[in-house]
Undergrad: 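Pasting a structure here, questions to come.
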Protein chains: 2
Amino acid sequence: MAEPKRRRIPEATVARLPVYLRILLELAEDKTATISSERLAELAGVNAAKVRKDLSYLGSYGTRGVGYDVEYLMFQMSRALGLTHDWPVVIVGVGNLGSALANYAGFGDRGFPVAALFDADPRKVGQVVAGRVIQHVDELPDVVAESGPVIGIIATPAPVAQSVADRMVEAGITSILNFAPAVITVPPGTSLRKVDLAVELQILSFYQQHSATFGRAGGASRGNGKRGGRRAALLDTANGNGTGAAGRARRANTGAVPAGG
Amino acid sequence: MAEPKRRRIPEATVARLPVYLRILLELAEDKTATISSERLAELAGVNAAKVRKDLSYLGSYGTRGVGYDVEYLMFQMSRALGLTHDWPVVIVGVGNLGSALANYAGFGDRGFPVAALFDADPRKVGQVVAGRVIQHVDELPDVVAESGPVIGIIATPAPVAQSVADRMVEAGITSILNFAPAVITVPPGTSLRKVDLAVELQILSFYQQHSATFGRAGGASRGNGKRGGRRAALLDTANGNGTGAAGRARRANTGAVPAGG
DNA sequence: GTGCCCATGTTCACCAATTCACAAAGTCAC
DNA sequence: GTGACTTTGTGAATTGGTGAACATGGGCAC
């Protein structure tokens, strides 16, 4: 092993890397050759020091006085994220959400092709969605055994989410993304992330309610230049960390504080 | 003011409250009268101490030696989250995802009725989705002005997400949930949360890749009792904080560590 | 080839969040 | 009414992450 492990990359950093990567992709399309941590921070809505620290976990890939080479940084970042090859995904539960996910082109584009669709409803099995025949969930183990490592997506109703997760784990899936509004547990060694609409809305509700306690944030919304350049960044983040929906202005660079009136 | 502000509730706690609330709802349906912090922690996939501390921010609503009254706790929690009345949502962008969201019954059920659908595509305007006529996005300000405070959901393609956010802010919306795969910025006083599919998948990819560094986590998946009771909980959390998709076992209670082989 | 300039990479101090451990406070049995 | 038992609520210690400040080191002008 040459140097396989630099430092252990913090979870918060891991959650931000994909954001940087997407920005780099856009920059590359615009034929931008190099980027400074400051500019990248601005585009990602974070602090420049944080960007530098995050990138330093990947290695010293910047050039002092110049910045980071976009192409090279993209390569290193993709490597760190394990995106050098495709990760097929299998979707269990082909209702409204499952169909939408299956049809979402962004998946395949970014290295996550939809490998198979499953449902437990016999009426759905055999139907074609997004160019794929829906299979019965009983066939999950066989499909996984054939196709190798995949990411499992749960898009079922809440009551069956845990049992689906169990079946995924048993089939050998070690990465699961749960869209069902239910807490599910998996054994150690399996990665689990969740996306929960209702929870997100309720968090927003909290901050909305809370900002109302200090006088009505709404007024300042239209504050200054509505489109002329980006403003005080609060990268907020359903993923990763930094939940920070900011009830009050937090260190407002632009000085447009809502409560001040 | 009697006692409007106890302590300031930490963001991490705010992100967990909705999870507790959902569990309480299920418990109430099962006619469970009281719940201990330990049991609640188990159901939520977190630490019991954390539950107690989280709940203590709401006030001292437990009874020592007994636990928490489910109904009463639900009430207090709903109040804290601002869920005593409905929060209408407006969805901008009625593509695959937007339609799925509009059709998602879970919204209205939980106090977030869909108030209106918008799109910029003239071919979509006038069509009916989920029982609602799609309006042109230009009408957004009028609708918001009429209906009062709403939560804005962005389900557009990435390139227009920022401009949609700007229009929402200008219309007076102060809570935005962004599904578009783009970083958007809003002025202070506006709450922003994001849900990003690609980012979630890439985070999973990282941990999948990483667990492979220590020998292949896949093997241990089937470890012990596949359904017999919940196991070492890792609440992982696309929202809130604690990104923690656990590459390796983290403090595995059950002892089934993947790398051990 | 020399020196200035500029952005990186890293150190350090701070802040937020988690976890432990335990006293306080209530119930229930008798 | 008393005592044992259970579970909460919180203070303190620890961990993880953030942000500012600064030294390091490479490019570029001349």
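Below, read A as the first sequence line, B as the second, and so on, with proteins coming before strands; counting in each chain starts at 1. Being a predicted model, the structure only gives us computed values, none of them experimental.
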Undergrad: Rounded to the nearest Å, what distance is computed from the CG atom of residue A:D69 to the P atom of nucleotide D:dG27?
TA: 12 Å
Undergrad: Parallel under 30°, tilted from 30 to 60°, perpendicular over 60°: which one fits the rings of B:H210 and B:F206?
TA: parallel
Undergrad: Just by distance, do the side chain of B:S175 and the backbone of B:I151 share a donor-acceptor pair under 3.5 Å?
TA: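 No; judged by distance alone, with no hydrogens or angles, the pair does not exist.
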Undergrad: Decide yes or no for A:S78 and A:L21: does some side-chain heavy atom of the first lie under 4.5 Å from some side-chain heavy atom of the second?
TA: yes
Undergrad: How long is the span from the OH atom in B:Y61 to the OG atom in B:S56, to the nearest 0.5 Å?
TA: 11.0 Å
Undergrad: Give the rounded distance in Å between these two atoms: CG of B:D54 and P of C:dA16.
TA: 16 Å
Undergrad: Can you say whether a donor on the side chain of B:K53 sits under 3.5 Å from an acceptor on the base of C:dT19, or the other way round?
TA: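 Counting by modelled atom types and ignoring angles, a donor-acceptor contact under 3.5 Å is found here.
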Undergrad: Would you mind reading off the distance between B:I9 atom CD1 and C:dA17 atom P, rounded to a whole angstrom?
TA: 12 Å
Undergrad: Take atom NZ of B:K50 and atom P of C:dA21, then tell me their distance rounded to the nearest Å.
TA: 17 Å
Undergrad: Which whole-number value in Å describes the distance from A:L58 CG to C:dG9 P?
TA: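 Result: 10 Å.
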Undergrad: Are more than 12 heavy atoms from other residues, nucleotides or ligands located less than 6.0 Å from atom CD of B:E38?
TA: no
Undergrad: What is the distance, rounded to the nearest whole Å, between atom CG of B:N47 and atom P of D:dT15?
TA: 15 Å
Undergrad: Check nucleotides 1-9 of chain D against the protein and report each pair of N or O atoms closer than 3.5 Å, with its distance, or say if there are none.
TA:
residue: D:dT7; atom: O4'; partner: B:G65; partner atom: N; Å: 3.0
residue: D:dT7; atom: O2; partner: B:G65; partner atom: N; Å: 3.4
residue: D:dT8; atom: OP1; partner: B:S37; partner atom: N; Å: 2.6
residue: D:dT8; atom: OP2; partner: B:S37; partner atom: OG; Å: 2.5
residue: D:dT8; atom: O2; partner: B:R64; partner atom: NH1; Å: 3.0
residue: D:dG9; atom: OP1; partner: B:Y61; partner atom: N; Å: 3.4
residue: D:dG9; atom: OP1; partner: B:G62; partner atom: N; Å: 2.9
residue: D:dG9; atom: OP2; partner: B:Y68; partner atom: OH; Å: 2.6
residue: D:dG9; atom: O4'; partner: B:R64; partner atom: NH2; Å: 3.0
residue: D:dG9; atom: N7; partner: B:R52; partner atom: NE; Å: 2.9
residue: D:dG9; atom: O6; partner: B:R52; partner atom: NE; Å: 3.4
residue: D:dG9; atom: O6; partner: B:R52; partner atom: NH2; Å: 3.1

Undergrad: Between the side chain of B:D30 and the main-chain N/O of B:T32, is any donor-acceptor distance below 3.5 Å?
TA: no
Undergrad: Please give, in whole Å, the distance from C:dA16 P to B:E11 CD?
TA: 9 Å
